[in-house]
Amino acid sequence: MAALSVADIGLILDTADSLKSISFRDIKKAPTLRGKSVVNFFYEPSTRTKSSFEIAAKRLSADTFSLSASTSSMVKGETLLDTARNLQAMNPDVIILRHSSSGAPHVFAKKLKASVINAGDGINEHPTQALLDLYTIREKKGVFKGLKVAIIGDIAHSRVARSNIIGLLKLGAHVSVSGPPTLIPKEIEAMGVSVSNDPAIAVKGCDVVMLLRVQLERQSRLLFPSLREYSSFFCFNENMLKGAKEDVIVMHPGPLNRGVEISNGVADGPYSVILDQVTNGVAVRMAVLYLLIGGAKSDNID
Ligand code: CP
């Protein structure tokens with residue numbers, strides 16, 4: 001998101017708008033990317049991002065191929081870069097990469113001829129998640145300027161939070177973050193967001209609540225006493241929504257840890273747009289693929 005201008009974001013969201021209806025036709029296919037090949041290379045687990053990129057590519061008639069680290073020759077000692085060079089040798093048009101190291105897609109982009117899409121790199125960025133979140137916010141709220149967005153949870157390890165903060169601030173929204181002190185990075189205020197350890201303060205008067213999972217897989221030691229204690233302060237329930245605007249929407253990138261950062265009542269309740277985010281993820285990823293390889297211009301999304 002750092003590299004995208006306001007105009008770039010607008011173009012992607014508008015393109016997603018025009019492609020979204022393909023998913024609701026009887027024949028869910030357009031010939032736009034016929035003859036193009038798309039490789040999904042996921043070094044970390046994924047449900048939503050991997051499947052929606054694959055569905056997006058197929059709905060635009062591209063050929064797709066998926067590779068995961070655990071079933072690739074990386075388990076036999078092949079390096080990431082050698083793996084990438086071998087994928088490149090098969091001449092794909094796009095490689096979609098998820099990796100645990102921040103910056104891995106940038107290394108790919110410098111070394112490969114194919115366009116590279118960042119599907120989440122370490123704790124750095126998850127740009128297509130932020131784009132689908134922005135699309136969903138625009139769909140529900142119409143505007144970004146002046147919108148109050150509260151992001152609550154494990155901010156320190158969240159590439160989703162980072163990409164959303166960058167995008168939302170560019171578009172004129174106000175962002176506040178909340179979580180335990182150990183899960184809020186010190187430099188976050190310098191990005192232009194307000195910080196509170198009390199979720200009730202972050203949520204006061206807000207239009208959008210974005211909840212985040214605690215990323216235990218990125219913590220070498222637990223950064224709070226226990227998950228039980230975490231959930232007693234930060235598990236978002238219907239009562240905590242009372243301070244927000246009446247038409248607040250609740251978002252979560254998934255996967256949900258029910259009972260830890262979100263209650264069943266909120267996850268499945270009337271304010272939740274969590275499954276709309278997933279639906280919109282297909283349209284946004286169709287747009288990203290179309291803009292990268294459907295026209296004359298080829299570039300990278302990071
Ligand atoms: N939001 C998200 O990135 O989900 P997955 O890890 O399932 O792709």
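Atoms within a ligand are numbered from 1 in the order they appear, just like the ligands themselves.
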Atoms in ligand 1 with a heavy atom of Q129 nearer than 4.0 Å: 1 (N), 2 (C)
Show which atoms of ligand 1 fall inside a sub-4.0 Å distance from at least one heavy-atom site of G254. 1 (N), 2 (C), 4 (O)
Residues D207, K245; criterion salt bridge (charged side-chain N to carboxylate O under 4.0 Å, His left out); working and verdict: CA-CA 6 Å; D207 303 277; K245 290 210 178 121; 3.0 Å; yes
Out of A119, G120, S46, indicate the one that has the non-hydrogen atom closest to atom 8 (O) of ligand 1. S46
N or O contact, P253 vs ligand 1, cut-off under 3.5 Å: yes
Check against side-chain contact (heavy atoms from CB on, under 4.5 Å), E54 and S66: CA-CA 8 Å; E54 183 142 359; S66 285; 2.9 Å; yes
Is it true that the side chains of S23 and R59 contain a donor and an acceptor less than 3.5 Å apart? yes
Mind checking the NZ-CE spacing from K140 to M251? Nearest 0.5 Å is all I need. 9.0 Å
Kindly give the heavy-atom pair with the smallest separation between N197 and P181, and that separation in Å. ND2-N, 3.6 Å
Numbered atoms of ligand 1 (with element) below 4.0 Å of T47, judged on heavy atoms: 5 (P), 7 (O), 8 (O)
Provide, to 0.1 Å, the distance between atom 6 (O) of ligand 1 and the closest protein heavy atom, together with that atom's residue and name. R98 NH1, 2.9 Å
Contact partition for E44 relative to ligand 1, non-hydrogen atoms under 4.0 Å: neither
Paired with R138, the salt bridge (charged side-chain N to carboxylate O under 4.0 Å, His left out) test is passed by just one of D276, D14, D133, namely D14
For atom 2 (C) of ligand 1, what is the closest protein heavy atom, and at what distance to 0.1 Å? T49 OG1, 3.5 Å
Looking at E246 and K242, is any side-chain nitrogen of the basic one under 4.0 Å from a carboxylate oxygen of the acidic one? no
Atom 4 (O) of ligand 1 [closest protein heavy-atom partner, distance rounded to 0.1 Å]: R48 NE, 3.0 Å
